[in-house]
Amino acid sequence: GDTRIDREVHSVCPFCGVGCQLTFKIRDDKILYAEGRDGPANEERLCIKGRFGFDYIHNPERLTTPLIRKEGIAKDDVATLDPANPLTHFREASWEEALELAANGLIQVRETKGGNALAGFGSAKGSNEEAYLFQKLVRTGFGTNNVDHCTRLCHASSVAALLETVGSGAVSAPFNEAENAEVIMVIGSNPTINHPVAATFFKNAVKKGAKLIIIDPRGQSLSRHATYMLQEKPGTDVALLNSMMHVIVKEGLTDKDYIKNHTENFAELKAHLDGFSPEAMEKVTGIDPDLIRDVAREFATAKSSIIFWGMGISQHVHGTDNSRCLISLSLMTGQVGRPGTGLHPLRGQNNVQGASDVALIPMFLPDYQSVEDPVIRERFEKFWNADIDPNKGLTVVEITEAVHKGTINGMYIMGENPAMSDPNVSHAREALSLLDHLVVQDLFLTETAAYADVVLPASAWPEKDGTVTNTNRQVQMGRAAVPMPGDARQDLWIIQEMAKRLGLDWNYGHVKEVFTEMTQVMGSIKGISWDRLENADAVIYPCESPEDPGQPLIFTENFPTKNGLGKFVPASLISPDETPDQDFPTVLTTGRLLEHWHTGSMTRRSEVLDAVEPEPIVHMAPGMMENLEILPGDLVTVSSRRGQLDIKVRADGGVQNGMIFIPFCYAEAAANLLTNDALDPFGKIAEVKFCAVKVEKK
Ligand code: SF4
């Protein structure tokens with residue numbers, strides 16, 4: 001054993017949706033380091049975040065006592081606020097005073113303007129139990145379905161397309177199935193950066209003989225392992241995928257039996273694809289028609305082909321259309337429901353799958369049951385012993401708009417940071433400052449908490465027991481490893497205290513009781529008990545009974561749609577909402593870095609991770625740098641119609657000329673000051689992967 005440590009605790013990594021199991025190694029109640037365990041998603045592997053990213057929980061900036069905004073400090077007075085010294089703008093308070101104020105402000109809005117003048121953002125970083133209780137509080141305590149979380153900025157469009165076509169929003173196969181695939185297609189995703197341990201499964205599959213197809217406007221290191229790398233023009237996925245399907249149809253490479261027995265609407269799609277020859281689409285996509293033909297043939301004729309996609313597909317005004325095309329491609333070739341095949345939107349946050357499953361979303365009750373269906377609603381009303389608003393609620397960006405319009409006046413935000421993560425973030429920040437009442441529950445005084453009336457100090461993942469669900473649909477057990485600092489409290493306790501003050505008679509004891517209630521209303525996890533998870537650490541759903549091992553592959557017989565069939569939905573070309581012009585000639589795309597997580601509130605407070613990537617940078621093609629006469633490290637001003645920022649340049653041969661990439665984790669140069677908040681009409685996801693900007697040498 002390691003003599004430096006005095007104990008160890010088995011848990012799960014809190015960063016990405018891969019869901020690596022790990023062991024925290026602890027000395028004097030501090031996490032010294034972590035080691036990978038043999039979990040189903042990681043087989044002992046961890047990436048740099050899972051190895052070195054835990055000192056954020058011991059950071060001196062952790063909130064350790066409730067805070068209340070000082071009288072006379074305006075909500076938009078954030079420029080002089082230092083997260084390390086919040087006492088310039090806030091005063092410390094007891095839990096009793098802070099909770100009373102937090103709840104009373106919400107009650108006042110509810111009583112004067114009605115429940116729909118309130119909204120809640122929960123978190124994909126908390127446990128399933130926290131997400132479940134949070135949405136239940138908003139629905140039954142606030143009296144509204146205005147509850148959402150970062151899935152809206154993540155895979156909302158993928159889920160909209162999956163529910164519409166194949167009846168289930170989760171992945172059809174775990175990413176481990178890549179090892180049984182002859183062809184692996186990765187599109188709009190950079191897994192080496194964003195799902196690093198999943199990428200190791202793809203690389204291993206290639207070593208064993210699988211062919212890898214990568215389609216992305218930006219180059220990436222995984223392409224070294226690829227047979228095909230299609231670097232399309234940004235925002236042209238529908239054109240590219242339709243042209244692939246055009247080839248498959250014209251060359252008779254469809255799976256006719258599969259189409260006949262398992263799908264509907266193929267004739268309509270077939271007719272639609274007529275105008276999408278690779279030659280006709282070349283001017284849109286910039287991809288050689290011969291290459292499209294080769295890739296289409298490889299995908300269709302392989303014994304097993306599997307598709308992985310990420311935010312490059314989903315974060316567009318045509319995000320739902322992009323996913324519809326991927327689903328059609330799989331269905332027409334019968335590449336689903338068998339080993340080595342499937343549809344896998346790689347989930348971003350560690351618990352975005354679970355938080356969505358338990359209904360931290362405005363249109364569904366747990367397990368994606370429509371809140372607008374009176375029979376379903378009545379069932380939940382009985383079970384929860386409370387009324388539920390019959391109308392679906394507003395989504396993240398719609399809530400910002402409603403605040404601007406004055407129809408939403410109070411919010412409770414737990415573990416989300418819209419002041420950094422929302423598109424067109426100045427507009428979102430202004431909305432936060434306009435609220436009559438804002439309660440924020442978090443680990444740090446985030447950019448969002450800076451606008452709060454009341455700040456409640458919360459618990460970090462390694463400080464609590466609870467379950468999370470990864471991208472593979474594996475429900476996994478997390479365990480408290482270290483105590484909370486100061487007077488920070490468990491999120492479950494805080495939610496319950498808020499619920500009590502909002503008039504709900506809740507008496508959950510151990511977190512296990514919340515999980516048990518979830519299994520009573522969610523058929524998908526019916527067979528998973530807390531004790532089973534305590535022993536197994538991970539169980540995959542759907543899991544119908546205690547004996548059911550869980551089903552890694554779904555859609556093996558039919559689809560969970562009304563008639564059991566998968567549906568083809570044709571997609572037409574829609575241009576990005578804002579295309580480059582003379583004033584703003586360059587395309588901006590945004591995303592993450594390997595070392596930093598999301599808005600940076602955790603990883604920028606982690607010494608090793610922030611030391612590797614300490615400052616904001618814009619990635620730019622060497623050719624573009626030459627035209628602008630700039631060198632690596634020079635400062636440029638990047639501006640869009642919505643904002644501007646100054647940032648250092650990094651040369652990146654993977655970025656196309658006429659395009660730049662900015663990670664969105666840096667508060668000093670927040671990429672979302674520039675991004676566009678135009679929405680996909682189906683998934684209501686914003687087009688943060690494409691907007692027009694101008695780059696000038698400073
Ligand atoms: Fe954590 Fe994801 Fe890295 Fe695994 S791959 S260690 S889950 S960040």
Side-chain angles (χ1 to χ4, degrees), residues 8-25 31-57 123-128 150 154-155 171 174-176 178 186 189-205 220-222 308 310-311 344-355 460-462 466-479 481 537-538 540 591-606 608-610 612-613 663-665:
E8 48 181 48
V9 173
H10 301 319
S11 190
V12 188
C13 173
F15 290 107
C16 91
V18 170
C20 296
Q21 286 190 11
L22 46 70
T23 302
F24 290 122
K25 307 282 183 166
I31 295 175
L32 211 56
Y33 63 101
E35 247 175 37
R37 291 185 75 212
D38 191 14
N42 64 314
E43 297 174 2
E44 299 185 357
R45 292 163 234 172
L46 293 177
C47 79
I48 185 171
K49 292 188 287 293
R51 284 197 187 285
F52 301 112
F54 295 103
D55 48 337
Y56 74 91
I57 67 167
S123 177
K125 286 239 107 16
S127 67
N128 284 321
C150 67
C154 176
H155 267 304
V171 300
F175 59 70
N176 316 50
V186 173
S189 166
N190 187 347
T192 315
I193 298 292
N194 296 315
H195 301 87
V197 168
T200 64
F201 284 81
F202 306 162
K203 287 178 210 164
N204 287 348
Q220 55 178 276
S221 62
L222 194 62
F308 296 95
M311 308 292 89
H344 191 124
L346 283 156
R347 272 8 197 241
Q349 298 266 13
N350 64 325
N351 196 35
V352 71
Q353 181 65 59
W461 176 245
T467 68
V468 281
T469 306
N470 69 357
T471 189
N472 284 345
R473 293 183 262 108
Q474 281 144 347
V475 184
Q476 306 204 84
M477 182 60 87
R479 296 179 180 87
D537 282 330
I540 200 164
R592 290 200 267 119
L593 297 173
L594 171 64
E595 292 78 7
H596 283 305
W597 183 259
H598 212 235
T599 66
S601 51
M602 295 153 73
T603 53
R604 297 225 48 216
R605 292 180 173 93
S606 182
V608 171
L609 300 177
D610 203 49
V612 181
E613 285 288 3
F664 73 104
C665 54

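Along the sequence shown, residues are numbered consecutively beginning with 1. Note that ligands are numbered from 1 as they come in the structure, with each ligand's atoms numbered from 1 the same way.
Each of Arg605, His598, Arg604 was compared with Ser601 under the side chain to side chain contact (heavy atoms under 4.5 Å, CB included) criterion, and only Arg605 meets it. A side chain to side chain contact (heavy atoms under 4.5 Å, CB included) with Gln21 is found for exactly one of Pro40, Ser11, Cys13, namely Pro40. When each of Val12, Val197, Leu22 is tested with Asn42 by the rule side chain to side chain contact (heavy atoms under 4.5 Å, CB included), just one qualifies, namely Val197.
Here the side chains of Thr471 and His344 are in contact, with some heavy-atom distance below 4.5 Å. Side-chain contact between Ile48 and Leu609: present, with at least one pair of heavy atoms (C-beta onward) separated by less than 4.5 Å.
Close contacts of ligand 1 with Gly19, meaning ligand atoms under 4.0 Å from a residue heavy atom, involve 7 (S).
Listed by chain and number, Cys47 SG are the protein N/O/S atoms closer than 2.8 Å to atom 3 (Fe) of ligand 1, with waters left out.
The ring-ring contact (aromatic ring centres under 6.0 Å, His included) search around His596 returns Tyr666, not counting sequence neighbours.
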